[in-house]
Asks: 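Supplied in structure tokens, the structure appears directly below.
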Amino acid sequence: MRKLLFPIIVILATLAIVAKLFYIQIVDDSFLAKSENNAIKIVYEYPERGYIYDRNNNLLVANQPSYDIMVIPREVKGIDTLELCTILDITRDDFDKKLEKAKIYSPRLPSVFLAQLTKTEFAAFQEKIRHFKGFYIQKRNLRDYQVDYGANVFGYIRQINEAELEKRKYYKSGELIGMRGVEQAYEEDLRGIRGVHYIQRDRFNKEIGPFKEGVYDTLAVKGNDVTITIDSELQKYGEQLMIRKRGGIVAIEPKTGEILALVTAPSYDPGLLVGRDRSKNYVKIDSIPGKPFFDKVLQGQFPPGSPFKILTGLIGLQEEVIDTQTRFACSRGFYYARGAFMKCHDAGSWNLHPAIAKSCNTYFAQTFMRIINKYPTPSQGVDAWYNHLRSFGLDQYMGYDLPSGQKGGIPNSQFYKKQYPNGGWKSTTIVSNSIGQGEVEMTPMQLANVMCAVANEGYYFTPHIIKKIENKQIDKSFVQRKQTTIDRQHFRPVIEGLAEVFLTGTGSRLRVPDVNICGKTGTVENFAVIDGEKTKLTDHSVFLAFAPKENPKIVVAVFIENGGWGASYAGPIASLMIEKYLKRETTRTDLEKRMFEADLSGNYVLRDIADKQKDEKARLKRIEQERLKKLQQSGKN
């Protein structure tokens, strides 16, 4: 034992020394307090942000150098303010405001005085920088977009604001942070790690070399490159099809959940949010009618209309209230309660297959009522229906890797108990839900996900936009199957009906040569409040499809605001997207030309009036709330 004592002491002492060094160099930052005096100057080195590639390894987003003028207010002494203002093309008033803002942040620490200089401004300032004590140049990187589309996919970067600095301790004043899209979702991967250098000064404030021989210095580490699931050519094509229209397109590979295209319209050139004009351009874009910053695929919630009948049919089969041969007679609609008539655009006696192809309201309304009435109470029936829908990802945030989104809305028994506190509601009260109207709301992303589950005959993967991260694994949840509550054997009859839509049904004029498509048209009623009155607007056009029928490779959901019938605009655009992806070309050039040239601007006049009135009402409400708040505060004082 005595022989081992000395080696043990040596090992323990060595471990203690290593632990102390680790603590001093990595954990303990008390030495940073020295930066609050003139003894140490901190110089940051900012890394290149990670590049963004598409699924085919096409470079989409790179970097370009940018130069900020930094200021340490305490060190600003004896400069020619007029000369500095002339070089930077700013007024004396601008100079005073910027310097005051910097002092508020910290008199001793650097902050941005003027961001993102042009090459000419940088050259002029660098030539005379020695005359402007307290100012120095900080090199950074701005985004360099290789394409002029995909703005909603990429997001953008901007300077972090004061409120964010309080919450996110990693960042320093003037640093850039990702906002929206991939830039925000994968900020920590893309940003890299900044380098830090500590420079020792003598009592005359002269730099004399690295602090403690550079033991605390670190090198900048470039951000990780990321590969996203987007097919850039398909994304570009989708945005071209949506010019002069409003709405969204989402395309997903059903076997993986990878998002192939994510289009929102209107959109903008991502390059507009780079450089000194970013703020000015942001305000211009934000004022464009149709809300370009509002991603309609992820954030838009609306009644899904006829595509919802797919779910009604599947739940009916699973609950065994219908089978594939169950028939319902339709006389251009049916009476479901005394004096209550639900219209339908066709007449006949249908089982499931033709009911899907012809989109028969009567068939699916009758099926829905059977689902609810199967249970002892309407509450139990609605909750059984609701639980099936939840298994498709509805009425919840789906967990995809994008920073924005809505969960839609599916009513359950608790919802109706609040709506009808005295009871009295039953299947006929809520029958509009059967055809995707009533209280049902979904996002286009949720619609696409439902179709992925149908294409896969019962399962789906969480839709996601990340394919690969350099030096890191992607979230494992994206490769885990999500199973629906519908048994697999019930999907095939529905798929046959969806294929019939393109053969003899509402999508028969949208067929793609040599491609078997399964799909469903939708026409959604659309209202707005104008001058205090509920006003009917042109219906929304919706289309949902996957192809090919066997071994599906793409699901597409298209939502066109005020586009009319589902087969008018959403259907043609969906079929063109499918053909473009599967064939890498389009053969129906006449249809393509018609969609490219289609201008729905006139359909949005009333919507824009309604939106302006809504915004003005909200503005006046905010003013009144602020007035009341001030009155309350003055009363307390």
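These numbers come from a predicted model, not from an experiment. Along the sequence shown, the residues carry numbers beginning at 1.
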Asks: Are Arg194 and Tyr170 in a cation-pi setup, meaning NZ or CZ lies under 6.0 angstrom from the ring centre and within 45 degrees of the ring axis?
Replies: yes
Asks: CG of Asp514: more than 12 outside heavy atoms within 6.0 angstrom?
Replies: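 Counting other residues, nucleotides and ligands, CG of Asp514 stays at 12 neighbours or fewer.
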Asks: With distance as the sole criterion, is a donor-acceptor pair present between the side chains of Ser413 and Asp383 under 3.5 Å?
Replies: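 Present: a donor and an acceptor within the cut-off.
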Asks: What heavy-atom pair brings Lys583 and Pro513 nearest, and what distance separates the two atoms?
Replies: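 Of all heavy-atom pairs spanning Lys583 and Pro513, the closest is NZ-O, 2.6 Å.
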Asks: Between His464 and Phe478, how do the two ring planes meet: parallel, tilted or perpendicular, split at 30° and 60°?
Replies: parallel
Asks: Stepwise, does the side chain to side chain donor-acceptor pair (under 3.5 Å) test hold for Ser427 with Asn373?
Replies: CA-CA 7 Å; Ser427 62; Asn373 296 338; 3.1 Å; yes
Asks: Yes or no on salt bridge (Lys or Arg N to Asp or Glu O under 4.0 Å) for Glu585 and Lys580, after CA distance, side-chain angles and deciding distance?
Replies: CA-CA 5 Å; Glu585 62 179 3; Lys580 182 73 170 179; over 6 Å; no
Asks: Kindly check if the number of other-residue, nucleotide or ligand heavy atoms within 6.0 Å of NZ (Lys418) is above 12?
Replies: no
Asks: Are Thr326 and Arg370 packed together at the side-chain level, in the sense that at least one heavy-atom pair is separated by less than 4.5 angstrom?
Replies: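 Yes, side chains in contact.
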Asks: Taking the side chain as every heavy atom from C-beta outward, state whether Val147 and Phe154 have any atom pair closer than 4.5 Å.
Replies: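 The answer is yes, as the side chains (C-beta and beyond) meet within the 4.5 Å cut-off.
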Asks: Return the orientation label for the Tyr268 and Phe293 ring planes: parallel under 30°, perpendicular over 60°, tilted otherwise.
Replies: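 Perpendicular, since the angle between the ring planes exceeds 60°.
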Asks: Decide if atom NZ of Lys468 counts as having more than 12 heavy atoms of other residues, nucleotides or ligands within a radius under 6.0 Å.
Replies: no
Asks: Which heavy atom of Gly458 sits nearest a heavy atom of Gln483, and at what distance?
Replies: O-NE2, 3.3 Å
Asks: Below 4.5 Å, heavy atoms only, C-beta onward: do Ile252 and Leu260 meet side chain to side chain?
Replies: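 When only atoms from C-beta onward are counted, Leu260 and Ile252 do not touch, as no gap falls below 4.5 Å.
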Asks: Does anything in residues 290-315 form a salt bridge (Lys or Arg N to Asp or Glu O under 4.0 Å)? List the pairs, not counting sequence neighbours.
Replies: none
Asks: Heavy atoms, side chains only, cut-off 4.5 Å: are Thr462 and Lys482 in contact?
Replies: yes
Asks: Are Met179 and Leu273 packed together at the side-chain level, in the sense that at least one heavy-atom pair is separated by less than 4.5 angstrom?
Replies: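 They are not in side-chain contact.
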Asks: Kindly indicate whether the side chain of Ile177, heavy atoms from C-beta on, has any atom under 4.5 Å from the side chain of Tyr171.
Replies: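 SC-SC contact between Ile177 and Tyr171 confirmed.
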Asks: Set out, in order, the CA-CA distance, both residues' side-chain angles and the distance that settles salt bridge (Lys or Arg N to Asp or Glu O under 4.0 Å) for Arg588 and Glu579, then state yes or no.
Replies: CA-CA 9 Å; Arg588 298 163 299 156; Glu579 185 176 22; 3.1 Å; yes
Asks: Please step through salt bridge (Lys or Arg N to Asp or Glu O under 4.0 Å) for the pair Glu183 and Arg158, ending with a clear verdict.
Replies: CA-CA 10 Å; Glu183 296 283 16; Arg158 63 157 170 77; over 6 Å; no
Asks: For the CZ atom on Arg488, are there more than 12 heavy atoms of other groups (residues, nucleotides or ligands in this structure) within a distance under 6.0 Å?
Replies: no
Asks: Which pair of non-hydrogen atoms, one from Val454 and one from Ile495, has the smallest distance, and what is that distance?
Replies: O-CD1, 3.5 Å
Asks: Does a sphere of radius 6.0 Å around CD in Glu320 hold more than 12 heavy atoms from other residues, nucleotides or ligands, not counting ones at 6.0 Å or beyond?
Replies: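 Incorrect, the count does not exceed 12.
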Asks: I'd like to know if the side chain of Gln301 pairs up with that of Thr443 as donor and acceptor (distance under 3.5 Å, no hydrogens or angles considered).
Replies: no
Asks: Below 4.5 Å, heavy atoms only, C-beta onward: do Gln235 and Val153 meet side chain to side chain?
Replies: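 Yes, at least one pair of side-chain atoms sits under 4.5 Å.
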Asks: Other residues, nucleotides and ligands only: do more than 12 of their heavy atoms fall within 6.0 Å of NZ on Lys614?
Replies: no
Asks: Of the non-hydrogen atoms in Thr538 and Gly564, which two are nearest, and what is the gap between them?
Replies: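 For Thr538 and Gly564, the tightest heavy-atom pair comes out as CG2-N, 3.9 Å.
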Asks: Evaluate whether atom CD of Glu188 has more than 12 neighbouring non-hydrogen atoms of other residues, nucleotides or ligands under 6.0 angstrom away.
Replies: no
Asks: What orientation do Tyr459 and Phe461 show, parallel under 30°, tilted 30 to 60°, or perpendicular over 60°?
Replies: perpendicular
Asks: Ignoring hydrogens, what is the shortest heavy-atom contact between Ala453 and Thr484? Give both atom names and the distance.
Replies: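 Nearest pair, atom of Ala453 first, then Thr484: CB-CG2, 4.1 Å.
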Asks: Is it possible for you to check whether Lys236 lies under 6.0 Å from the centre of the six-membered ring of Tyr149, through NZ or CZ, and within 45° of that ring's axis?
Replies: no
Asks: Of the non-hydrogen atoms in Phe364 and Thr312, which two are nearest, and what is the gap between them?
Replies: O-CG2, 3.5 Å
Asks: Quick check: do Asn562 and Asp539 have side-chain heavy atoms less than 4.5 Å from each other?
Replies: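 No, side chains not in contact.
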Asks: In this structure, which one of Phe502, Phe559, Tyr569, Trp565 forms a ring pair (Phe, Tyr, Trp, His ring centres under 6.0 Å) with Phe543?
Replies: Phe502
Asks: Counting heavy atoms not belonging to Arg492, are there more than 12 under 6.0 Å from its CZ?
Replies: yes
Asks: Just do the salt bridge (Lys or Arg N to Asp or Glu O under 4.0 Å) check on Glu175 and Arg191 with the steps written out, would you?
Replies: CA-CA 10 Å; Glu175 291 188 346; Arg191 75 187 179 196; over 6 Å; no
